[in-house]
K.L.:
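After the structure tokens below, expect a handful of questions from me.
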Amino acid sequence: MKIATWNINSLKVRLQHVIDWLAMSRVDVLCLQELKLPDDKYPRAALEAAGYRSWFSGQKTYNGVAILVREGLPVDEAVVIRNIPGFDDLQQRLIAATIDGVRVVSAYFPNGQAPGTDKFAYKLSWLAALREWVAAEMRAHPQFALTGDYNIAPEDRDVHDPQAWEGQNLVSPEERDAFRSLVELGLVDAFRCFEQPDKSFSWWDYRMLAFRRNAGLRIDHILLSPSLAQCCSACEIDKTPRRWDQPSDHAPVIATLER
DNA sequence: ATGGCCGAGAAGCTCGGA
């Protein structure tokens, strides 16, 4: 089973990219973030024509997440969850589904703007609620994958210029502590299970020719429960669609599970 | 030189993103 996560920064603009990338990557599950469209504008039919069924939680203008599942894979409709249970939130940032026995989460973590702001406080409270829910969810689902745009670069090697970024949003100690607290639940960063090129990133600013200079951050992640980590044979960032015309600023991350 | 680029939605601008 191949699972991928991709922040597409508007599904309306990037629909053809998603369809083209599904055709070339042949992933079984694709988690999307930043749909930026309401449920009634979701392009369900076009994605079904491409061979994928969708579960989604949309929102006008901002946020919005989806899980695309290749036709033929069984999905337990009864246990699809939208948003973090018990965390009252108008922003649509999380959806979870059980696909062929694997609990998969597509999450769009808050950006946080800057340490000290209200948005940063919201990010930390969202992260705390996520941690509590994930702890319970892992007990119920031994095969568990937490994928998405974390908006956290967990270590300095995930940052193109750690000195310039020190203390800033996305790399601050509070955010990295929250990331570590997820790892302490037993989750494994699939990308770091394998040899990777230096300066591997998943996001590059649209400005300053950042992609050409590889001035990026690794903020999109696939964290796996121990039993899934054990059967993970590969994890990579696919920079191909970042080179296409009118790209998303993020590249997809793919994990391969031998199951 | 702390802005540059995008997308969305309301209007030729502001907000949010990371």
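Protein chains get the first letters and strands the later ones, always in sequence-line order, with residue 1 at the start of each.
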K.L.:
Please state the P separation for the pair B/dG12 and B/dA1 - nearest whole angstrom.
P.N.:
33 Å

K.L.:
Under a criterion of less than 4.0 angstrom to any heavy atom of chain A, what are the 5'-terminal and 3'-terminal contacting nucleotides of DNA chain B?
P.N.:
B/dG4 to B/dA18

K.L.:
If you link ILVMFWY side chains whenever their heavy atoms are less than 4.5 Å apart, which other residues fall into the same cluster as A/Trp204? By chain and number, please.
P.N.:
A/Phe201, A/Phe211

K.L.:
When you compare B/dT2 with B/dA18, how far apart are their P atoms, in angstrom units rounded to a whole number?
P.N.:
23 Å

K.L.:
Return the set of residues passing salt bridge (charged side-chain N to carboxylate O under 4.0 Å, His left out) with A/Asp249 (not counting sequence neighbours), or none when no residue passes.
P.N.:
none

K.L.:
Please report the distance separating the C1' of B/dG4 from the corresponding atom of B/dG17, rounded so that it comes out in whole Å.
P.N.:
15 Å

K.L.:
With ILVMFWY side chains joined below 4.5 Å, transitively, what does A/Leu22's cluster contain besides itself?
P.N.:
A/Trp6, A/Ile8, A/Leu11, A/Leu15, A/Val18, A/Ile19, A/Trp21, A/Met24, A/Val27, A/Leu30, A/Leu32, A/Leu35, A/Leu37, A/Tyr42, A/Leu47, A/Tyr52, A/Phe56, A/Leu68, A/Trp244, A/Ile254

K.L.:
Grouping I, L, V, M, F, W and Y whenever their side-chain heavy atoms are under 4.5 Å apart, do A/Tyr122 and A/Ile84 come out in a common cluster?
P.N.:
yes

K.L.:
Mapping A/Asn151 and A/Lys60 to their closest nucleotides on DNA chain B, which lands nearer the 5' end?
P.N.:
A/Lys60

K.L.:
Using the P atom on both, measure B/dA11 against B/dG16 and round to a whole Å.
P.N.:
15 Å

K.L.:
So which of A/Lys199, A/Arg192, A/Arg176 actually passes salt bridge (charged side-chain N to carboxylate O under 4.0 Å, His left out) with A/Asp158?
P.N.:
A/Arg192

K.L.:
Cluster partners of A/Ile3, using ILVMFWY side-chain heavy atoms under 4.5 angstrom, listed by chain and number?
P.N.:
A/Met1, A/Val29, A/Trp55, A/Val65, A/Ile67, A/Val69, A/Leu73, A/Val75, A/Val80, A/Ile95, A/Ile99, A/Val102, A/Val104, A/Tyr108, A/Phe191, A/Ile222, A/Leu224, A/Leu228, A/Ile237, A/Val253, A/Leu257

K.L.:
Can you list the stems that include DNA chain B, where a stem is three or more consecutive Watson-Crick or G-U pairs with distances under 3.5 Å?
P.N.:
B:5-9 with B:13-17

K.L.:
Can you check the distance between B/dC6 and B/dA10, where both ends of the measurement are the P atom (answer in whole Å)?
P.N.:
23 Å

K.L.:
Taking atom types as modelled, is there a side-chain donor on A/Gln33 or A/Ser106 under 3.5 Å from an acceptor on the other?
P.N.:
yes

K.L.:
Within the 4.0 Å heavy-atom criterion, would you say A/Glu34 contacts the bases, only the backbone, or no part of the nucleic acid?
P.N.:
sugar-phosphate

K.L.:
Under 4.0 angstrom, heavy atoms only, what part of the nucleic acid is A/Phe109 near: base, sugar-phosphate, or nothing?
P.N.:
nothing

K.L.:
Decide whether A/Asn63 and A/Gln92 meet the rule of one side-chain donor and one side-chain acceptor closer than 3.5 Å.
P.N.:
no

K.L.:
Hydrophobic clusters here meaning ILVMFWY residues chained together by side-chain heavy-atom distances under 4.5 Å, can you tell me if A/Leu127 and A/Val171 are in one?
P.N.:
no

K.L.:
Determine the contact category for A/Leu37: base if any of its heavy atoms lies under 4.0 Å from a base atom, sugar-phosphate if only primed atoms, P, OP1 or OP2 are that close, otherwise nothing.
P.N.:
nothing

K.L.:
Reading DNA chain B from 5' onward, which residue's closest nucleotide shows up sooner: A/Leu217 or A/Thr61?
P.N.:
A/Thr61

K.L.:
Just to be sure I understand the rule, does A/Asn63 reach a base, reach only the sugar-phosphate, or reach nothing, if contact means heavy atoms closer than 4.0 Å?
P.N.:
nothing

